[in-house]
Amino acid sequence: MRARCLLRDLRDALGETAVKTDPNEISPYLVDWRGRYSGTAECVVEPRTAQEMARVVKTAVAHGAAVVPQGGNTGLVGGGVPSNGADGRTQVVISMRRLNRIREVDPLDNVIVTEAGVILKHAQEAAGAMGRLLPISLAAEGSAQVGGVVSTNAGGINVLRYGCTRDLVLGLEVVMADGAIWNGLQKLRKNNTGYDLKQLFIGAEGTLGIVTAVALKLFPLPHSHTTTFIAVPNPDAAVKLLRHLQAELGDSIVAFELVQRACLDLVLSSVKDARDPLSERSPWYVLAEVSATMKGLSIDDLVEDSLASAAEQGFVSDAVLARSAAQRAEFWRLREEITDAERRYGPSAKHDVSIPVSLIPEFLAKADDAVRSRFPEAKPIAFGHVGDGNIHFNVLAPVSDTEAIGMVVYDLVSNLGGSISAEHGIGLSKVDLLPRYKDDISLTLMRQLRLTLDPLQSFNPGKLVHVRPLEN
Ligand code: 2HG
Ligand code: ZN
């Protein structure tokens with residue numbers, strides 16, 4: 001009876017077609033793309049404006065239902081799908097799909113304002129059409145949406161040069177738990193009038209409010225790129241190579257990705273037409289991208305000279321520069337296909353961790369040893385954004401071993417002063433682990449914030465942080 005009223009009120013608020021209940025139609029919204037997390041929902045709603053979003057929230061709250069905002073459903077921690085453990089409450093999935101207007105691209109203020117459901121790639125293209133760069137870039141950018149990028153504080157490949165999403169957001173529009181629309185969509189680079197409220201919602205995984213629009217910083221488009229696929233003997237050499245290149249080329253190094261040979265093998269064996277760019281096998285590789293924002297610079301020559309001197313010092317065993325846009329795309333495809341190739345191979349335990357860059361070699365050696373000795377069948381494969389200390393230490397292993405492997409890896413990360421989530425977030429996958437690795441004062445503050453901004457716990461229940469400490 002209650003659910004029928006909820007549906008009727010949602011339809012009154014949004015119109016018939018924007019409230020979906022057909023099981024076939026809504027089933028893709030109830031499970032994450034890896035098939036690891038799923039739950040049930042009364043319906044999927046598709047608001048088209050912030051005002052409609054406010055109506056959805058008010059209606060759901062009035063019925064005691066919970067709302068689960070969902071963007072492109074490309075997340076890796078189960079943050080965007082309904083949970084099974086929402087205390088038996090009715091859940092409404094909010095698809096951001098139709099909230100998809102680019103409101104403004106302003107090349108003078110270097111700002112783009114997009115709604116939350118805009119696909120990241122479309123936002124990049126809109127900025128590019130005005131001669132500007134939106135630097136947030138990740139493998140899932142063809143389906144990830146801006147609202148999800150903000151709500152997970154996504155990282156990606158360009159963090160080394162441009163920072164993560166948190167550093168790139170100038171303003172937000174957010175629907176609060178009481179249905180109020182907070183217009184914090186400012187374009188200012190400086191605003192020292194108290195708490196930086198937008199930061200609360202960035203990386204909050206939809207637990208404090210629902211982001212409906214975002215103002216993001218834009219940058220000059222680079223005039224040229226040099227992309228190079230480099231064989232390195234070990235991770236220690238990769239870190240030394242990074243510092244060597246930075247000393248010579250400064251912050252023109254945009255991306256610096258580490259790839260273990262096992263990742264390349266996975267991609268080569270499952271991606272059509274993929275081929276090894278180098279003739280000899282190497283245990284580790286770096287994919288680096290250097291870009292020049294100044295006109296007329298021949299960076300290929302500078303990069304070649306720097307790689308030659310790095311080779312003399314033993315940091316590089318071989319390297320090849322992309323000689324065309326197609327080859328550049330090919331190098332990046334080898335890196336970006338790792339996640340899909342890993343999924344095709346079978347189940348894996350994912351560890352999206354952050355470590356001080358200097359400790360990455362120690363972490364990789366210790367984690368590899370610890371996992372292989374305790375789980376002889378498991379196969380660690382490591383890759384990631386070594387330039388900013390973010391390693392994806394994934395382990396091909398049965399789902400039943402995921403938790404135990406996680407404990408081994410995360411304890412090591414914690415002992416090295418790292419974080420159990422660098423860029424993917426907490427979602428459902430790490431919500432029970434967070435109290436083990438985060439200090440009590442932080443947890444208390446997070447709970448207080450959550451209860452203050454969403455007293456009835458209507459936003460994305462069961463994700464990110466439990467509002468009450470877990471019983472031991
Ligand atoms: C990447 O860096 C993504 O490609 C996905 O963050 C990482 O699949 C993963 O674990
Ligand atoms: Zn990543």
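Because the structure is predicted, anything quoted here is derived from the model rather than measured. Just follow the structure's listing: the first ligand is 1, and inside any ligand the first atom is 1. Each residue takes its place number in the sequence, starting with 1.
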In the protein, which heavy atom is nearest to atom 6 (O) of ligand 1, and how far is it? His424 NE2, 2.7 Å
Is the shortest distance from a heavy atom of Leu138 to ligand 1 less than 4.0 Å? no
Decide if atom CD of Gln199 counts as having more than 12 heavy atoms of other residues, nucleotides or ligands within a radius under 6.0 Å. yes
With a cut-off of 4.0 Å, which atoms of ligand 1 are near a heavy atom of His385? 2 (O)
N, O or S from His385 under 2.8 Å to the Zn ion (ligand 2): yes
Glu423 N/O to ligand 1 N/O under 3.5 Å: yes
One pair to check against side-chain contact (heavy atoms from CB on, under 4.5 Å): Leu172 and Ile202. What are the steps and the verdict? CA-CA 9 Å; Leu172 292 180; Ile202 305 170; 4.1 Å; yes
Could you tell me the residue and atom name of the protein heavy atom closest to atom 9 (C) of ligand 1, and the distance to it rounded to 0.1 Å? Lys350 NZ, 3.2 Å
Proximity of Asn394 to ligand 1 by residue part, where a heavy atom lies under 4.0 Å: side chain
Residue, atom name and distance, where the atom is the protein heavy atom closest to atom 5 (C) of ligand 1: Thr339 OG1, 3.3 Å
Testing the 3.5 Å rule here: is there a donor-acceptor pair between the side chains of Tyr345 and Lys379? yes
Check step by step if side-chain contact (heavy atoms from CB on, under 4.5 Å) holds for Trp33 and Leu76. CA-CA 8 Å; Trp33 74 275; Leu76 292 162; 3.5 Å; yes
Counting heavy atoms only, which of Arg335, Glu336, His392 comes nearest to atom 4 (O) of ligand 1? Arg335
Pair Thr207-Asn460, side-chain donor/acceptor within less than 3.5 Å: no
Closest heavy-atom pair, Leu307 versus Ala319, reported as atoms and distance to 0.1 Å, is CD1-CB, 4.0 Å
For Leu76, the ligand 1 atoms whose distance to one of its heavy atoms is below 4.0 Å: 5 (C)
Where the Zn ion (ligand 2) is the centre, what is the OE2-to-NE2 angle for Glu423 and His392, rounded to 10°? 90°
Under 30°, 30 to 60°, or over 60°: which ring-plane class applies to His392 and Phe383, parallel, tilted or perpendicular? tilted
Distance only, no hydrogens: is a donor on one side chain within 3.5 Å (strictly under) of an acceptor on the other, for Thr227 and Glu289? yes
